[in-house]
Amino acid sequence: VILAIVLAVSFTACGKETPEKAANNALKAVKNLELVGIAKYFGDEAVEDMDIDDLSSDEMKILKKFLSKTSWEILGSVEDGESATVTVKITTVDLAPIVKELAGELLGDAFSSLFGEQMTEEEMEQKALKLFEEKLSEKDLAMTTSDVELDMTLTENGWKIDAKASVIGSFFGDFED
């Protein structure tokens, strides 16, 4: 009887997802654009806010390429009952120099089109996507790293991350700041 109780407790403890494991799984879901996983760890609102359905196939391809370059390291965690904070070091593409270069080139094209054949909005968008994809393929791509604290709450369905702008910003190189 005692052995059965010990085994039952052991199996229950083994199946429990730790905050660090939940954080890792959540970040994997974002990196792989797994909407079910994102909803599980960040909530349904996070999936709705992503507007993935509105992306063209070219935009989705570039987003996946961008996210494929993102990595992270779990630095540690503090658990206090039904709340936890997991500290994560996130490394991702530094978007600032890419956007600066793209803006310069596209602005030059827009200015040139004033005196010649005008590019349509769709042509400009396609050129921007092509340039962005080329930049993501460069070997000396600039990266940025930031430490982020993921505040988490234990729910009946497991650990949920209290999503905040700094989490999203770290995945996108704090570009929206």
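Side-chain contact between Leu102 and Ile98: present, with at least one pair of heavy atoms (C-beta onward) separated by less than 4.5 Å. Considering only heavy atoms from C-beta on, Leu63 comes within 4.5 Å of Leu33 through its side chain. Within the 4.5 Å cutoff, the side chain of Met152 has no heavy atoms near those of the Lys160 side chain. Looking at Leu95 and Phe66, their side chains come closer than 4.5 Å, going by heavy atoms from C-beta outward. Annotation: side chain of Asp147 is not in contact with side chain of Val88 (no heavy-atom distance under 4.5 Å). Counting only heavy atoms from C-beta outward, the side chains of Ile74 and Val86 approach each other to under 4.5 Å. Under the 4.5 Å side-chain criterion, counting only non-hydrogen atoms from C-beta, Leu150 is not in contact with Thr85.
With rounding to the nearest 0.5 angstrom, the NZ atom of Lys69 is 6.0 Å from the CG atom of Leu141. Rounded to the nearest 0.5 Å, atoms CD (Glu149) and OG1 (Thr87) are 4.5 Å apart. Separating the CG atom in Asn32 from the CG atom in Leu67 is a distance of 8.5 Å, to the nearest 0.5 Å. For the atom pair Leu55 CG and Ile62 CD1, the distance stands at 10.0 Å (nearest 0.5 Å). Rounding to the nearest 0.5 angstrom, the gap separating the CG atom in Leu136 from the OG atom in Ser68 is 8.0 Å.
Side chains of Glu20 and Ser77: a donor-acceptor N/O pair is present below 3.5 angstrom, by distance only. Side-chain atoms of Ser137 and Lys65 form a donor-acceptor pair, as typed in the model, at a separation below 3.5 Å. Residues Tyr41 and Glu34 have side chains that never bring a donor and an acceptor to within less than 3.5 angstrom of each other.
The pair Glu138-Lys135 counts as a salt bridge, with a side-chain nitrogen and a carboxylate oxygen less than 4.0 angstrom apart. With respect to Lys130 and Glu134, a salt bridge is recorded, a charged nitrogen being found less than 4.0 Å from a carboxylate O.
Open room surrounds CG on Asp80; 12 or fewer heavy atoms of other groups in view lie less than 6.0 Å from it.
Residue Glu59 comes nearest to Asp54 through the heavy atom pair OE1-O, 4.1 Å, listed as atom of the first residue, atom of the second, then distance. Looking at every heavy atom in both residues, Thr144 comes nearest to Val93 through CG2-O, 4.1 Å. When every heavy atom of Ala26 is checked against every heavy atom of Ile161, the shortest pair comes out as CB-CD1, 3.4 Å. Across all non-hydrogen atoms, the minimal contact from Gly37 to Ala29 is C-CB, 3.7 Å. Nearest heavy-atom pair, Ile38 versus Ala46, reported as atom, atom and distance to 0.1 Å: CG2-CB, 4.2 Å.
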Checklist entry - Which is it for Ile90 and Thr145 under the side-chain contact (heavy atoms from CB on, under 4.5 Å) test, yes or no, and what are the steps along the way? => result CA-CA 6 Å; Ile90 298 176; Thr145 301; over 6 Å; no
Next on the checklist: Assess the residue pair Lys40 and Asn157 against the criterion (side-chain contact (heavy atoms from CB on, under 4.5 Å)); give the C-alpha distance rounded to whole Å, side-chain angles, the decisive distance to 0.1 Å, and a yes or no.
Outcome noted: CA-CA 8 Å; Lys40 176 181 178 183; Asn157 297 320; over 6 Å; no
Next on the checklist: Is there a side-chain contact (heavy atoms from CB on, under 4.5 Å) between Phe42 and Asp162? Walk through the geometry before answering.
Outcome noted: CA-CA 7 Å; Phe42 290 95; Asp162 301 329; over 6 Å; no
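Judged by distance alone, with hydrogens and angles left aside, the side-chain atoms of Lys89 form no donor-acceptor pair with the main-chain N or O of Ser146 at under 3.5 Å. Under the 3.5 Å distance criterion, the side-chain polar atoms of Trp159 are matched with a main-chain donor or acceptor of Glu17.
The side-chain hydrogen bond (donor to acceptor under 3.5 Å, both in side chains) check on Glu79 picks up nothing, with sequence neighbours excluded.
The one candidate from Lys127, Lys64, Lys61 that meets the salt bridge (charged side-chain N to carboxylate O under 4.0 Å, His left out) condition with Glu133 is Lys61.
Transitive grouping of hydrophobic side chains (ILVMFWY, heavy atoms separated by less than 4.5 Å) keeps Trp72 and Leu75 in distinct clusters.
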